[in-house]
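To find a chain, count down the sequence lines: A is the first, B the second, and so on, and within it residues start at 1.
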Protein chains: 2
Amino acid sequence: MGTRSTPFDPGTHGGERADAARNRRAILDAASALFAERGADCVTVDQIAEAAGVGKGTIYRRFTDRSGLAMALLDQTDRELQHAILRGPPPIGPGAPAGERLAAFIGALADLLERHADLMSVAESGSGGVWYRGNVYASYRLHVEVLLREARPDADCATLADMVLAPLAADLYRHLRDDRGLEPERIRVAAVEAATLVAGAPTA
Amino acid sequence: MGTRSTPFDPGTHGGERADAARNRRAILDAASALFAERGADCVTVDQIAEAAGVGKGTIYRRFTDRSGLAMALLDQTDRELQHAILRGPPPIGPGAPAGERLAAFIGALADLLERHADLMSVAESGSGGVWYRGNVYASYRLHVEVLLREARPDADCATLADMVLAPLAADLYRHLRDDRGLEPERIRVAAVEAATLVAGAPTA
DNA sequence: AGTGTAGACGGACTAGAGTCCGCTTTCAAA
DNA sequence: TTTGAAAGCGGACTCTAGTCCGTCTACACT
């Protein structure tokens, strides 16, 4: 620790100046409150800036863009999921067979999506595929890839990991739930089933 | 025919006025040319309007929004794919077993994506999930759903269809190809494999 | 304490998407 | 041919994301 970390890591930030750190927190808190209160789609960056008591430029300096801010917020929420994966009890934590761990993980992700669909929509909507290059997606992908490799050593797990995660795209989730009226449970089951099938195939 | 069709169908348009039809074509042609020449990400709606010799309002009246215009363009491109599905030779056309037809279809979609990734990005980026409510996605989904049902009558094919299509999201495709440097072929194979596994499972 | 400077700040500015509404055109019916 | 009005037109306008750059400040080093 102490060295530069990525722009979206909300933890301790290297040699960040005191005022910068204070503003980072203020922005994150303000954004979190506004998003929670009004829904992520109905909050503008200027409103966040005003609520946080900083200029708009400061937000962009810290978080690159709107979706970067959303990612930073998610990154916080995500810590508990990461924890569950690394040290939690099976089936999501270590100890269960890979296929079951994958199913548990995908299920957990679906739950996360149910709670934060709008925020994740914003995060994923960043132009130029920022989302896929960010921390959060990278950690999901890595986890899935490792589990897949355990279940199917000979497959192209690096690529399949992305295929397994794709059904959890936030916009798709919202469409299924809000436009088509599917129960969250039903969506979760389908996503888990798809993932399980990809992981559970014979040898390839 | 002759009755009102959906706003994105570029074919004959019900009781459309002559000037309206002329403008529709002009817009579609101008957009098509500009997109081809400069890449869909680098063309603004105003530029299209100017090139087509119409006001910007006309574009929005006809196509709802930027992504609606992209969808209309795709809808044209898509006709040949639809034709191949309905009357073409196996394995993509009728005659082959469902699993093989699905694999062929997903493969064809991946090829389409390779050729029109930027356009599809624009189409999918419409706010509020317009893409998922549009013609093009609906036709893909229906086709996949039917094939899945044939292969796995007892599964929740309506929902699994979306899961099978998800890996072909344009932004993901571009990320894999442009950021991660994967060969189109490799992406296609992975998408096809994932789809096949979902379709090919025992009984559920 | 004094000071040089990397880094941070903020708000005016730009650019592009999407809306609005008064004017014009088509066309069907008389 | 006239005519009424539904449909279409277009460009000024609004709203928001994201950039730019002159000013300011924390803090490391003396």
Practice problem: Evaluate the side-chain proximity of A/Arg152 to A/Val198: yes if any heavy-atom separation is below 4.5 Å, no if none is. | Solution: yes
Quiz prompt | Whole-Å distance separating the CZ atom of A/Arg24 from the P atom of C/dC9 | solution = 10 Å
Self-check item: Nearest-angstrom distance from the residue atom CG of B/Asp65 to C1' of C/dG16
Solution: 14 Å
Quiz item: Quick one: B/Arg66 CZ to C/dT19 P, roughly how many Å, whole number?
Solution: 15 Å
Result block: side-chain N/O donor-acceptor pairs under 3.5 angstrom for residues 126-133 of chain A, not counting sequence neighbours:
unit_1   : atom_1 : unit_2   : atom_2 : d
A/Arg133 : NE     : B/Asp179 : OD2    : 2.8
A/Arg133 : NH2    : A/Gly128 : O      : 2.2

Exercise. Rounded to the nearest angstrom, tell me the gap between atom CG in B/Leu69 and atom P in C/dA17.
Key: 11 Å
Exercise. Give a yes or no on whether A/Glu50 atom CD has more than 12 heavy-atom contacts from other residues, nucleotides or ligands under 6.0 Å away.
Key: no
Exercise. Check the surroundings of atom CD in A/Glu80: do more than 12 heavy atoms from other residues, nucleotides or ligands lie under 6.0 Å from it?
Key: no
Quiz item: Taking atom P of C/dA15 as reference, at what distance in whole Å does atom CG of B/Asp41 sit?
Solution: 19 Å
Quiz item: Measuring from A/Leu182:CG to B/Asp162:CG, what's the distance to the nearest 0.5 Å?
Solution: 7.5 Å
Exercise. Send over the distance from B/Glu16 CD to C/dC27 P, rounded to a whole Å.
Key: 11 Å
Practice problem: To the nearest Å, give me how far apart CZ (B/Phe63) and P (D/dG8) are. | Solution: 12 Å
Close N/O contacts between protein and nucleotides 9-12 of chain D (under 3.5 Å):
unit_1 : atom_1 : unit_2  : atom_2 : d
D/dC9  : OP1    : B/Asp19 : O      : 3.3
D/dC9  : OP1    : B/Asn23 : ND2    : 2.2
D/dC9  : OP2    : B/Arg62 : NH2    : 2.9
D/dG10 : OP2    : B/Gly55 : N      : 3.0
D/dG10 : OP2    : B/Thr58 : OG1    : 2.8
D/dG10 : O5'    : B/Gly55 : N      : 3.4

Quiz item: Given atom CZ of A/Arg22 and atom P of D/dA26, what is their separation to the nearest angstrom?
Solution: 7 Å
Quiz item: Backbone N or O of B/Glu183 within a donor-acceptor pair of the B/Arg177 side chain at under 3.5 Å?
Solution: no
